[in-house]
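Reviewing the structure listed below.
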Amino acid sequence: RNKYEPRIGRFARRDAEGHDEVDLVDPETRFFHETPDFLAKEDNLQRFENKRIMMYCTGGVRCERTSALLKEMLPENAEVYQLSGGIQRYLEAYPSGGFFEGAMHVFDRRGCIAGQDMVAADVAEQLPKATVLGRCSRCGDPWDRYQGKWSCVDCGLLVLVCPTCQGKLAKEHSRHQDALRCELCAQGTSPGDASPAQIRPKPAPRPTASCKATSAALPKVWPSLRSGLLQLQQQQRQQEQQHNQEKQSLSSSQNALFHQASELLWQLLGCLKARRVREALVSDQPLLEALSKLLHSSVEAVAENRHVANNEPTPDLQKAAARALSVFDFLLRDATSRTHVHRVGKPTSAALLYLISLDSATAAPAASDNNNNNNNDTNNDNN
């Protein structure tokens with residue numbers, strides 16, 4: 001299994017003094033596809049020669065592939081065994097844990113499970129509690145539940161962070177990212193190395209909300225995209241000064257502005273999949289304010305057209321509003337900057353207004369049918 005999985009659970013056969021009698025070989029891989037590289041190194045392969053090899057993984061799938069590869073690399077008489085059904089089936093057969101210590105990492109919201117989770121609650125109460133092998137990477141307290149948002153800032157490997165440290169890191173916002181590194185990155189070892197013999201240069205820290213990203217870390221289109229959005233904000237301010245205070249439909253110049261905004265936002269959405277771009281945007285206060293202004297103006301224009309002018313918004317206006325909401329949806333996925341984005345952008349109110357305008361648009365035909373039998377004053381009220 002990968003490096004982080006044995007940290008919370010593993011097989012062991014203890015002697016009277018508590019020492020493990022079995023030689024545990026941890027490939028120390030970040031990802032499963034690195035396993036062949038681990039086996040290809042002669043010193044690693046020598047560890048399996050003339051040994052009875054017992055292999056296990058979470059559900060047995062990775063063992064099927066690795067055992068076949070290992071048999072090809074070792075002599076014909078090599079004894080290579082794998083645990084049928086993996087740890088999952090073993091814990092189902094032995095809810096008390098058997099020779100398995102700790103918990104098994106699972107790839108869903110549960111995070112990890114132990115033998116007690118395989119049986120009914122009344123039976124689980126009678127079983128001994130599983131030992132917590134994992135330790136918080138920050139304070140060292142016992143903790144064995146990985147969560148997706150707490151990962152190594154360099155390689156993305158999951159890192160154990162206990163609830164207490166999660167609260168502290170959330171308050172620190174951007175500063176915590178540089179502090180979270182997995183064991184392999186902290187040691188400077190290359191992926192697949194079982195020892196820190198091969199040292200790689202320490203990676204540069206990733207940009208955070210308090211540290212502007214360098215131009216080399218951002219897409220080539222970023223400077224023009226940023227300047228285009230800021231210029232769009234200036235044009236919008238000029239149009240607002242010239243715009244009549246009375247409620248009216250969008251002018252041709254405003255339509256052109258939202259068409260340009262829609263195109264720029266589409267390009268921006270293509271860049272926001274990269275975390276560094278999101279961090280650069282959040283740290284850029286003028287740009288974030290410009291996007292907030294564009295979000296609220298486009299959503300208000302959609303609502304104004306439907307409620308006041310009784311017109312269907314133009315496709316460019318609808319695209320601009322929807323894409324601006326999607327931009328903020330991307331930004332709100334990062335827990336470290338979520339509070340800052342909410343404070344500057346206030347996207348919740350814009351999203352509610354947009355949904356209300358969509359809901360009223362679907363209800364409009366029915367309202368018109370009901371109003372056919374009423375007088376003009378009632379028609380106006382219902383509309």
Side-chain angles (χ1 to χ4, degrees), residues 1-108 112-115 118 130-131 133-134 146 155-158 182-185 187-200:
R1 295 181 297 166
N2 295 326
K3 176 69 175 178
Y4 58 92
E5 296 177 82
R7 289 294 169 268
I8 65 172
R10 48 165 286 186
F11 278 100
R13 187 175 65 185
R14 304 290 179 181
D15 58 19
E17 298 179 356
H19 301 298
D20 192 358
E21 298 178 343
V22 180
D23 180 19
L24 176 67
V25 179
D26 182 1
E28 297 197 359
T29 56
R30 289 177 172 86
F31 307 101
F32 178 63
H33 64 75
E34 297 174 354
T35 304
D37 294 333
F38 169 81
L39 295 176
K41 295 181 179 180
E42 186 176 353
D43 55 342
N44 290 335
L45 195 60
Q46 288 177 353
R47 301 176 67 181
F48 299 103
E49 293 180 357
N50 303 319
K51 297 285 184 70
R52 176 180 294 174
I53 304 163
M54 295 178 286
M55 189 180 303
Y56 65 93
C57 61
T58 304
V61 177
R62 286 178 280 187
C63 284
E64 290 285 349
R65 302 179 65 180
T66 308
S67 61
L69 177 62
L70 196 56
K71 287 179 180 179
E72 291 181 1
M73 304 176 74
L74 293 174
E76 293 184 2
N77 60 349
E79 294 184 80
V80 181
Y81 300 90
Q82 62 188 67
L83 183 60
S84 178
I87 307 171
Q88 174 78 24
R89 293 290 180 266
Y90 184 86
L91 292 179
E92 290 176 357
Y94 303 97
S96 62
F99 287 105
F100 187 78
E101 299 177 347
M104 177 184 68
H105 174 68
V106 291
F107 305 93
D108 55 31
C112 66
I113 58 174
M118 303 294 181
T131 306
L133 298 184
Y146 289 102
C155 68
L157 205 65
L158 293 175
C182 67
E183 291 181 57
L184 295 175
C185 288
Q187 295 172 356
T189 56
S190 300
D193 265 334
S195 64
Q198 297 182 354
I199 304 297
R200 66 175 182 177

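Everything numeric here is computed off the predicted structure, so don't read it as measured data.
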Flag yes if more than 12 heavy atoms outside Glu42 fall under 6.0 Å of its CD atom; otherwise flag no.
-> no
Asn50, CG atom: more than 12 neighbouring heavy atoms under 6.0 Å | no
Does the pair Val25 and Phe38 meet the rule for a side-chain contact (heavy atoms from CB on, under 4.5 Å), with working shown?
-> CA-CA 11 Å; Val25 179; Phe38 169 81; 4.0 Å; yes
Met73 atom CE, neighbour heavy-atom count above 12 within 6.0 Å = yes
Under the side-chain hydrogen bond (donor to acceptor under 3.5 Å, both in side chains) rule, collect the residues that match up with Glu101, sequence neighbours excluded.
-> Arg14
If you look at every heavy atom in Asn2 and Phe31, which pair is closest and at what distance?
-> OD1-C, 3.2 Å
Grab the two heavy atoms, one from Cys63 and one from Met55, that are nearest each other, plus how far apart they are.
-> SG-CG, 3.6 Å
Pairwise side-chain contact, Phe100 with Leu83, heavy-atom cut-off 4.5 Å (strictly under) = no
Would you say Tyr4's side chain and Tyr146's backbone share a donor-acceptor pair under 3.5 angstrom?
-> no
According to the interplanar angle, ranging from 0 to 90°, do the rings of Phe107 and His105 count as parallel (below 30°), tilted (30 to 60°) or perpendicular (above 60°)?
-> perpendicular
Within-4.5 Å side-chain heavy-atom neighbours: Phe48 and Leu74 | yes
Derivation and outcome, side-chain contact (heavy atoms from CB on, under 4.5 Å), residues Thr29 and Asp37 = CA-CA 9 Å; Thr29 56; Asp37 294 333; over 6 Å; no
Can you see which heavy atom on Ile8 is nearest to which on Met104, and at what distance?
-> CD1-C, 4.3 Å
Interatomic distance, Ser84 atom OG to Glu64 atom CD [nearest 0.5 angstrom] | 8.0 Å
Minimum heavy-atom distance between Leu157 and Lys3, given as atom pair plus value = CD2-CB, 4.1 Å
Exercise: identify the closest heavy-atom pair between Leu133 and Gly102 = CG-CA, 4.0 Å
Which residues pass the salt bridge (charged side-chain N to carboxylate O under 4.0 Å, His left out) test with Arg1, sequence neighbours left out?
-> none
Applying salt bridge (charged side-chain N to carboxylate O under 4.0 Å, His left out), name anything that partners Arg65, two or more places apart in sequence or on another chain.
-> none
Hey, does Ile53 have a side-chain heavy atom less than 4.5 Å from the side chain of Lys71?
-> no
Give the intermediate values and the outcome of ring-ring contact (aromatic ring centres under 6.0 Å, His included) for residues Tyr56 and Tyr90.
-> CA-CA 10 Å; Tyr56 65 93; Tyr90 184 86; 9.1 Å; no
How many angstroms lie between CD in Gln82 and SG in Cys57, if you round to the nearest 0.5 Å?
-> 8.0 Å
Just how far is it from atom CE of Met54 to atom CZ of Arg13, taken to the nearest 0.5 Å?
-> 7.0 Å
Any side-chain heavy-atom pair from Thr35 and Pro27 closer than 4.5 angstrom?
-> no
Answer yes or no: does atom OH of Tyr94 have more than 12 heavy-atom neighbours from other residues, nucleotides or ligands under 6.0 Å?
-> no
Enter the distance from Glu79:CD to Asn77:CG here, rounded to the nearest 0.5 Å.
-> 8.0 Å
If every non-hydrogen atom of Met118 is compared with every non-hydrogen atom of Ile113, which pair is closest and at what distance?
-> CE-CD1, 3.2 Å
Determine whether Leu24 and Phe11 make a side-chain contact, defined as any pair of heavy atoms from C-beta on separated by less than 4.5 Å.
-> no
Do Arg7 and Leu158 pass the side-chain contact (heavy atoms from CB on, under 4.5 Å) test, and can you show the C-alpha distance, the side-chain angles, and the key distance before you say yes or no?
-> CA-CA 11 Å; Arg7 289 294 169 268; Leu158 293 175; over 6 Å; no
salt_bridge(Asp20, Arg10) N-O dist < 4.0 Å = yes
